There are 2 protein chains.
Amino acid sequence: MAPRTRPVVSRRERPAKAALTREGIVAAAVTVMQAEGLDRVTMRRLAAELDTGPASLYVYLRNTAELHAAMLEELLGQVDLSPVTTAGDWQDRLIKVLWSYTLILLEQPGLAQSVLVTRPSGPAYLSLAEGILALLDAGGVAPDRAAWAVDLLLHFATSTAAEQGTRARAIDAQDEEDTLVTALREAPADTYPQIAALGVAELMSGWGPDRLTWGFGVLISGILQTPRPDQETAPDC
Amino acid sequence: MAPRTRPVVSRRERPAKAALTREGIVAAAVTVMQAEGLDRVTMRRLAAELDTGPASLYVYLRNTAELHAAMLEELLGQVDLSPVTTAGDWQDRLIKVLWSYTLILLEQPGLAQSVLVTRPSGPAYLSLAEGILALLDAGGVAPDRAAWAVDLLLHFATSTAAEQGTRARAIDAQDEEDTLVTALREAPADTYPQIAALGVAELMSGWGPDRLTWGFGVLISGILQTPRPDQETAPDC
DNA sequence: ACCTGAACACCGTTCAAGT
DNA sequence: ACCTGAACACCGTTCAAGT
C-alpha cells in the first residue's frame with residue numbers, strides 16, 4: 001500500500017455538519033435505529049447525531065409520529081415485490097410478499113407498533129398496496145372486496161410484527177410468558193373447561209413462522225368467501 | 001331538605017391517604033385514564049394522585065407495562081359474555097362477544113396499543129378466551145385449530161382497536177387522512193393501475209362498523225376453511 | 001420490613017431571539 | 001427567511017436512607 005500525501009478516508013471522522021435536509025434526517029434516524037433500536041431514536045438524540053439542537057428538526061418534521069412514518073417509508077423500499085410478476089399460484093405469491101413486508105417490520109418491532117397508528121402514504125407504500133391489489137385481481141377477487149382486503153392483510157401483518165417483534169426483544173418476555181403458562185395450567189377445569197381440555201401445550205403451540213403463514217391463509221380464504229355486507233349482488237358491468 | 005348537623009358528603013374532599021394496595025393503584029389509574037386519557041396515566045401523575053412519591057408504586061408494580069396490563073384486566077370484566085350461553089347462530093354470537101371486547105378497547109385506544117405487546121393473563125382474560133373457545137367448539141371447529149383461532153381473533157380485535165381508536169383521537173388525524181387521500185388521488189395510472197382503477201372512494205370506503213364486522217366474518221370463515229399446516233388428518237379419538 | 005426523597009438520566013415541543 | 005438556544009413542562013426507574 002503506497003503512502004498517500006493526502007489520505008482520503010480519514011480526512012474527517014464524520015460528514016461534519018452536512019446541511020440539514022429531510023432525507024438526511026430520516027437516513028440518520030434509520031442508522032441510529034439499526035444500531036441502537038427505535039427507542040434511542042428521539043428528537044434530541046437525533047439532533048445530537050446531526051450536530052444541532054432539537055428545535056432544528058421541527059423545520060423538517062412536524063413531530064415524532066411523522067418521523068416514524070418517514071422511516072418506515074424508507075424501509076418499505078426493501079420489500080420484495082418480485083412475486084407480483086412471477087408465474088405461480090397467486091396465493092403463494094401473495095403470502096411471499098406479505099412475508100417480505102412482515103420480516104422487515106419484525107427486525108424493527110417498535111416501528112411496527114408506532115406505524116399501526118400513523119399509516120404511511122409514500123410511493124413505497126403505494127407500490128406495496130398496488131402489488132397486493134394486482135395479486136388479488138389475479139385471484140379473481142372482486143374490486144370492492146379487494147379494496148378492503150388490502151387493508152386487512154397489511155393491518156394483520158403490521159400488527160403481528162408489532163406483537164411478536166416487541167415480545168421477542170422485551171426483557172421480561174420470558175417472565176410474561178411464564179405468567180401466562182402458569183395461569184393456563186392452573187385454570188380450574190370447572191370454571192374453564194375448554195382451556196383445561198386443550199391444555200397449555202396446544203394453546204401455546206407453534207409460535208413460529210407456521211402460525212403467521214396459517215394466519216395469512218385464513219385471511220385469504222376468508223376474503224374469497226366473504227362478500228362485503230352493503231353490496232348487493234351487482235350485475236357485472 | 002332538612003339541614004344536617006354534620007354533612008356526610010363534604011367531610012373531606014378525597015379519601016385522604018388510603019393505604020396503598022395494588023388494587024387501589026390500578027383503580028386510581030383507570031379513573032385517571034377515563035378522565036384524562038392514557039397518556040396522562042404516568043407513574044408520577046399517579047403517585048401525585050395517591051399523595052405519595054413515584055418510587056412507592058414500584059413496590060406493587062414492576063413497571064409501566066405491568067400497570068397497563070392490570071388496567072386492561074380490570075376493564076375486561078365489562079366484556080359481555082352472555083352470548084356464549086344464549087341460543088342462536090354461533091357465528092353471530094361470537095361476533096357479538098368480539099364486538100363487546102373491541103368496544104371497550106376503542107374507548108381506551110392507547111391501552112389497546114400497549115396491550116398488544118403485554119398480553120394479560122388474569123381471570124377476566126381467561127374467561128374471555130374460554131368463552132370464545134366454547135363458541136368455536138359449538139361451531140365444530142377442531143380443538144387444535146381453535147387453539148390458534150382464539151389468539152387470531154383477539155389479536156385482530158385488539159389491533160383494530162389500537163389502530164382505529166388512536167386514529168380517531170389523534171389531533172392530526174384529518175391531516176393524515178388528507179395526505180393519504182391526496183397520495184391515492186394523484187397516484188399516476190401507469191405506475192399504479194390497480195389503485196387508479198379502484199379510485200379513492202372505493203379504497204377509503206366504509207371505515208365504519210361494517211368493516212370490522214366484515215373482518216370478523218373473514219376470519220371466521222377462513223378459520224373454518226384452513227387446517228393447521230403441521231397437522232396430519234388425525235383419526236377422531 | 002416497608003416505604004420514599006432525591007437524584008439520575010433522560011424526554012417532546014415551543015418560541016423569542018439571533019444570523 | 002431560515003435556523004436555534006434556552007426554557008417549559010414533563011418522563012421512568014433506582015437506591016440509599018429513613019421510619
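Letters go in sequence order (proteins before strands), and every chain restarts at 1. None of the values given here were measured: they were computed from a predicted structure.
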**Asked** Is the shortest side-chain N to carboxylate O distance from A:Glu49 to A:Arg44 below 4.0 Å?
**Response** no

**Message:** Go through it in stages, so that I can follow the logic: the residues are B:Thr213 and B:Trp99, the test is side-chain contact (heavy atoms from CB on, under 4.5 Å), and I'd like the CA-CA distance, side-chain angles, deciding distance and then a yes or no.
**Reply:** CA-CA 8 Å; B:Thr213 300; B:Trp99 258 109; 3.0 Å; yes

**Request:** Taking atom types as modelled, find out whether A:Ser159 and B:His155 have a side-chain donor-acceptor pair closer than 3.5 angstrom.
**Result:** yes

**Prompt:** Within the structure, does a side-chain N or O atom of A:Thr52 lie under 4.0 Å from either OP1 or OP2 of D:dT4?
**Reply:** yes

**Message:** Check the phosphate of D:dT4 against A:Ser56, side-chain N and O only, distance under 4.0 Å to OP1 or OP2. Yes or no?
**Reply:** yes

**Request:** Compare every heavy atom of A:Leu106 with every heavy atom of A:Ala161, then report the nearest pair and how far apart it is.
**Result:** CA-CD2, 3.8 Å

**Item:** Non-hydrogen atoms of B:Ala162 and A:Val117 that approach each other most closely
**Value:** O-CG2, 3.8 Å

**Prompt:** Counting N and O atoms only, with roles assigned by atom type, does the side chain of A:Tyr60 sit under 3.5 Å from a partner on the main chain of A:Leu20, one being a donor and the other an acceptor?
**Reply:** yes

**Request:** Determine the Euclidean distance between corresponding C1' atoms of D:dT14 and C:dC3; express it in Å to zero decimal places.
**Result:** 14 Å

**Request:** Could you work out the separation of C:dA6 and D:dC11 based on their C1' atoms and round it to a whole Å?
**Result:** 16 Å

**Item:** Any side-chain heavy-atom pair of B:Gln194 and B:Leu198 under 4.5 Å
**Value:** no

**Item:** Working for salt bridge (Lys or Arg N to Asp or Glu O under 4.0 Å), residues B:Asp151 and B:Arg119
**Value:** CA-CA 11 Å; B:Asp151 250 27; B:Arg119 215 178 310 186; 2.9 Å; yes

**Request:** Specify the separation, in whole Å, of atom CG of B:Leu20 and atom P of C:dT4.
**Result:** 6 Å

**Prompt:** Given that both pair distances must be under 3.5 Å and the pair must be Watson-Crick or G-U, what runs of three or more consecutive pairs involve DNA chain D?
**Reply:** C:4-8 with D:12-16, C:12-16 with D:4-8

**Request:** Quick one, give me the B/S/- string for nucleotides 6-19 of chain C, reading 5' to 3', where B means a protein heavy atom under 4.0 Å from the base and S means that only happens at the primed atoms, P, OP1 or OP2.
**Result:** -B---BBBBB----

